[in-house]
Amino acid sequence: MTLRLHNSLTGRKEEFQPLEPGVVRMYTCGPTVWGPAHIGNMRSFLLYDLIRRQMRLSGCEVRHVMNLTDVDDRIIEQSDAAGMVISEFTPRWEESVLSDLKRLRAEPAEWYPRATQHVPEMIELISRLLELGHAYAMEGDVYFRIDSFPAYGALSKLDRRGKPVTTRVATDKYEKESASDFALWKAATERDRRVGAAWQTPFGLGRPGWHIECSAMASKYLGETLDLHAGGVDLLFPHHENEIAQSEAANRKPFSRYWLHGEHLTIATGDKMSKSSGNFLTLSDLLAAGHDPVAIRFQLLAGAHYRQRTHLSDEAIRAAAEQVRRLRELELRLSLLVPRPGVDDAAIYETALDGQAAYREAIDDDLNLAQGVGQVFEVVRQANSALDAGRVGTAGREAVLQLLAAADAHLDVLRGDEESLDEDVERLIEEREEARRRRDFATSDRIRDELRGRGLVLEDSREGVRWRRVPASG
RNA sequence: GGCGACGUAGCCAAGUGGUAAGGCAGAGGUCUGCAAAACCUCCAUCACCAGUUCGAUUCUGGUCGUCGCCUCCA
């Protein structure tokens, strides 16, 4: 069974094969760095993480570009308001996004190119479009001529003939040939110059339009045809549609063979999270509320299929944390197990193998991690049951551990952050063990309650006492 | 107005033409000095209506509801 992905271009699930066997070229739309990324952005970025992990697991070398848009209207506004040039303003937010990604254990992309560092590539691309008649200059702006590209609309399936042409015209300064022509290059304003967002080019002093950076940087790092391009659904139109138009008009080659679009994370009411409207949560907000980043990762990745709209609630994140705990708990039990020689563990062995197959199938079916995780937990329950009954041997243990590892290759939640206990806490735990040996349960219970108040739960097991952190309380 | 998606138990959620995975929460048990953990049991007829079908949650049509895109946005 091979990976099948839902391709937005065709609206169907298709088998994924990279153009060059063994190498996957993927471009994913990153953030505009004018403020903190919100947790909905993170959902998309974790989708990219899931894709690249699966590609690597299937034996491919991954070449992954995620752009950082570091020049746009809001960046210019904010920089100007802060009395800065944009190159002083954006680094802080770049760092903020990259740090969030790290906390959520996203594998780093191979490249994080910045728009402002690729102006020459954009100039070249725009020049080619001008030469080929796909673009025209007008009073310092350069527009893409949509009528010159008949395939326009193939991705978004928008029928542009019937489209109302009102709003767009009103917001643009100059007359365009057609209302839906979009800007490749924008003449610099006074403010653009003031904040360092203006470049000297053959078409005049100006700055890039929104879409051109992706076309220019994608081909620079990955070539003219990508295997896969991903982004949030809100980018499908016009951003991705325009990328296709620019790239294919210039290169006369397909721009990307597969398009993946991740659904939105909504706010609790079901409405879209949006930076500009202010109704959004950041990773920092959730961490401040006491949530574990690993639980957030689990929920964003496996809480729902990526093409399903969903929202994060405290309850959902707590449920995810509990699932993570159960996975870790099982792994620990298995690792501590000393199998009895000759034990018959055929049942759990078979169950684990079936689970592995089911898990793999779920992932192959358009990265259905939510379903895959369901399969894993079916095995988790049975493995715990078999452990209770003493019916796990070496083969069974290995098979279950393999399943956990297979899932964790996507989830990446088993490994905990290294944590140690304060000395006085260690001493208290030791004292309690002493008391228990004396069967002085009053003392031992008092110590346990004391530690519970400090956010530590103790578990007595055959292998000794274990501890774990929980929200501190009484 | 145009295009589109979704509506499954308290919550998160998978899925299929033949009477609905998994997780969290909850209830009752087993185990335990007591707990915790683990396990066992219980907990939905899939928004509504009509149609197709031997049979629909899954297909078709309609109704209601929620949301998205069409304009900067993962």
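Each chain gets a letter, A, B and so on, in the order the sequences are listed, and its residues count up from 1.
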Could you list the protein-to-nucleotides 56-60 of chain B atom pairs, N/O on both sides, closer than 3.5 Å?
none

With sugar-phosphate meaning primed atoms plus P, OP1 and OP2, does [X] contact a base, only sugar-phosphate, or nothing at under 4.0 Å between heavy atoms?
X        : result
A:Met42  : nothing
A:Arg468 : sugar-phosphate
A:Arg307 : nothing
A:Asn384 : sugar-phosphate
A:Ser385 : sugar-phosphate
A:Leu265 : base
A:Gly231 : sugar-phosphate
A:Leu47  : nothing

>> The criterion is side chain to side chain contact (heavy atoms under 4.5 Å, CB included); which residues satisfy it with A:Ser79, sequence neighbours excluded?
In response: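 For A:Ser79, the residues satisfying side chain to side chain contact (heavy atoms under 4.5 Å, CB included) (neighbours in sequence not counted) are A:Ile75, A:Ile86, A:Phe89, A:Val195.
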> Listed by chain and number, what are the ring-ring contact (aromatic ring centres under 6.0 Å, His included) partners of A:Phe377, not counting sequence neighbours?
Replying inline: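 Counting only residues at least two positions away or on another chain, A:Phe377 forms no ring-ring contact (aromatic ring centres under 6.0 Å, His included).
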Measure [atom1]/[X] against [atom2]/[N] and give the value in whole Å, please.
X        : N     : atom1 : atom2 : answer
A:Glu459 : B:C31 : CD    : C1'   : 14 Å
A:Leu104 : B:A74 : CG    : C1'   : 14 Å
A:Arg318 : B:C12 : CZ    : C1'   : 12 Å
A:Leu332 : B:A38 : CG    : P     : 12 Å
A:Arg325 : B:A25 : CZ    : C1'   : 14 Å
A:Trp259 : B:A74 : CH2   : P     : 15 Å
A:Arg43  : B:A74 : CZ    : C1'   : 10 Å
A:Gln308 : B:C12 : CD    : P     : 12 Å

>> Please list, in numerical order, the residues of residues 403-410 of chain A that have a heavy atom closer than 4.0 Å to any atom of RNA chain B.
In response: none
Given [options], which nucleotide is nearest the side-chain atoms of [X]?
X        : options             : answer
A:Asp460 : B:A35, B:A36, B:G10 : B:A35
A:Ser313 : B:C72, B:A14, B:C11 : B:C11
A:Gln299 : B:C24, B:C69, B:C12 : B:C12
A:Thr32  : B:A14, B:A74, B:G33 : B:A74

>> Partner lookup for B:C42, please. Criteria are Watson-Crick or G-U wobble with both distances under 3.5 angstrom; report none if nothing qualifies.
In response: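 B:G26 is the nucleotide pairing with B:C42.
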>> Under 3.5 Å for both donor-acceptor distances, Watson-Crick or wobble: does B:G65 have a partner, and if so which one?
In response: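 B:C6 is the nucleotide pairing with B:G65.
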Does the distance from a Lys or Arg side-chain N to an Asp or Glu carboxylate O, for [X] and [Y], drop under 4.0 Å?
X        : Y        : result
A:Arg43  : A:Asp49  : no
A:Arg326 : A:Glu329 : no
A:Arg307 : A:Glu263 : no
A:Arg437 : A:Glu434 : yes

>> Both A:Ala304 and A:Arg74 contact RNA chain B. Taking the nearest nucleotide for each, which residue is further toward the 5' end?
In response: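 The residue whose closest nucleotide sits nearer the 5' end is A:Ala304.
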> Does A:Asp445 get its side chain close enough to the base of B:G33, under 3.5 Å, for a donor-acceptor pair?
Replying inline: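 Flag set: donor-acceptor pair detected.
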> If the sugar-phosphate is the primed atoms plus P, OP1 and OP2 and the base is the rest, what is the B/S/- string for nucleotides 18-23 of chain B, using protein heavy atoms under 4.0 Å?
Replying inline: ---BSS
> Which residue, A:Cys214, A:Cys29, A:Ser156, forms the side-chain contact (heavy atoms from CB on, under 4.5 Å) with A:His240?
Replying inline: A:Cys29
> At under 4.0 Å, does any side-chain N or O of A:His311 touch on OP1 or OP2 of B:C12?
Replying inline: yes
> Using atom C1' of each nucleotide, how far apart are B:C72 and B:G65 to the nearest Å?
Replying inline: 29 Å
Please tabulate, one pair per line, each protein N/O and nucleotide N/O from nucleotides 64-68 of chain B that are separated by under 3.5 Å, including the distance.
from  : atom 1 : to       : atom 2 : distance (Å)
B:C67 : OP1    : A:Asp271 : OD1    : 3.3
B:C67 : O2'    : A:Arg309 : NH1    : 2.7
B:C67 : O2     : A:Arg309 : NH1    : 3.1
B:G68 : OP1    : A:Lys272 : N      : 3.4

> Hey, does A:Phe149 have a side-chain heavy atom less than 4.5 Å from the side chain of A:Gln246?
Replying inline: no
